[in-house]
Amino acid sequence: MEDKVLRKLFLGFIHIHILHHAKEHPIFGVWMLEELREHGYNISPGTLYPILHSMESDGLLKREDRNVEGKIRKYYTTTEKGNMVLKEARAKAYELFKEIKD
């Protein structure tokens with residue numbers, strides 16, 4: 001039961017994390033999985049890739065396919081909408097942090 005609740009909460013954090021990095025530079029799935037693991041989010045590719053696809057469908061990310069060593073790798077960067085959502089999410093997260101930090 002607790003795992004389900006935490007998972008739902010952390011999925012929002014993961015979305016913000018993806019937007020943050022995709023704004024800084026183009027990201028791809030395997031790199032993002034490793035980055036999230038460094039921050040304690042242990043998610044599978046079966047969880048991450050649908051998130052990336054839905055964020056692209058929602059207009060938050062744009063995808064560029066690149067040929068890397070003979071394989072097509074999908075790179076994601078934020079759209080203008082993604083940047084606006086990230087800005088608002090940062091503000092809300094900061095307000096929440098100030099309230100719950102103690």
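The model shown is predicted, which means the values in this text are computed figures rather than measured ones.
Contact check for Met55 versus Leu19: side-chain heavy atoms found under the 4.5 Å cut-off. Taking the side chain as every heavy atom from C-beta outward, Glu56 and Asp58 never approach each other to under 4.5 Å.
Here CD1 of Ile18 is found 6.5 Å from NE2 of His15. Values are rounded to the nearest 0.5 Å. Within the model, atoms CD1 of Ile27 and OH of Tyr75 stand 11.0 Å from one another, a figure rounded to the nearest 0.5 Å. One finds the CG atom of Asn83 at 9.0 Å from the OG1 atom of Thr77 (value rounded to the nearest 0.5 Å). Between the CD atom of Glu34 and the CZ atom of Phe28 there is a distance of 7.5 Å, given to the nearest 0.5 Å. We find the CZ-CZ distance between Arg73 and Arg63 to be 14.5 Å, quoted to the nearest 0.5 Å.
Under the 4.5 Å side-chain heavy-atom criterion for Ile, Leu, Val, Met, Phe, Trp and Tyr, Leu33 and Ile72 are members of distinct hydrophobic clusters.
What you find for Ala22 and Leu61 is that their closest heavy atoms are CB-CD2, 3.7 Å. Gly59 and Lys81 make their closest contact through O-CB, 3.6 Å (heavy atoms, listed as atom of the first residue, atom of the second, distance).
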When the side chains of residues 85-96 are checked against the rest of the protein, which donor-acceptor pairs come out under 3.5 Å, sequence neighbours left out?
{"from": "Arg90", "atom 1": "NH2", "to": "His20", "atom 2": "ND1", "distance (Å)": "2.8"}
{"from": "Glu95", "atom 1": "OE2", "to": "Lys98", "atom 2": "NZ", "distance (Å)": "3.1"}

Atom pairs and distances, side-chain donor-acceptor, residues 41-51, under 3.5 Å, sequence neighbours left out:
{"from": "Asn42", "atom 1": "OD1", "to": "Arg37", "atom 2": "NE", "distance (Å)": "3.3"}
{"from": "Ser44", "atom 1": "OG", "to": "Gly46", "atom 2": "N", "distance (Å)": "3.3"}
{"from": "Ser44", "atom 1": "OG", "to": "Thr47", "atom 2": "N", "distance (Å)": "3.3"}
{"from": "Ser44", "atom 1": "OG", "to": "Thr47", "atom 2": "OG1", "distance (Å)": "3.4"}
{"from": "Thr47", "atom 1": "OG1", "to": "Arg7", "atom 2": "NH2", "distance (Å)": "3.2"}

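The ring pair (Phe, Tyr, Trp, His ring centres under 6.0 Å) test applied to His21 returns His17, Trp31, not counting sequence neighbours.
Remark: side-chain polar atoms of Thr79 are paired, donor with acceptor, to backbone N or O of Leu60 under 3.5 angstrom.
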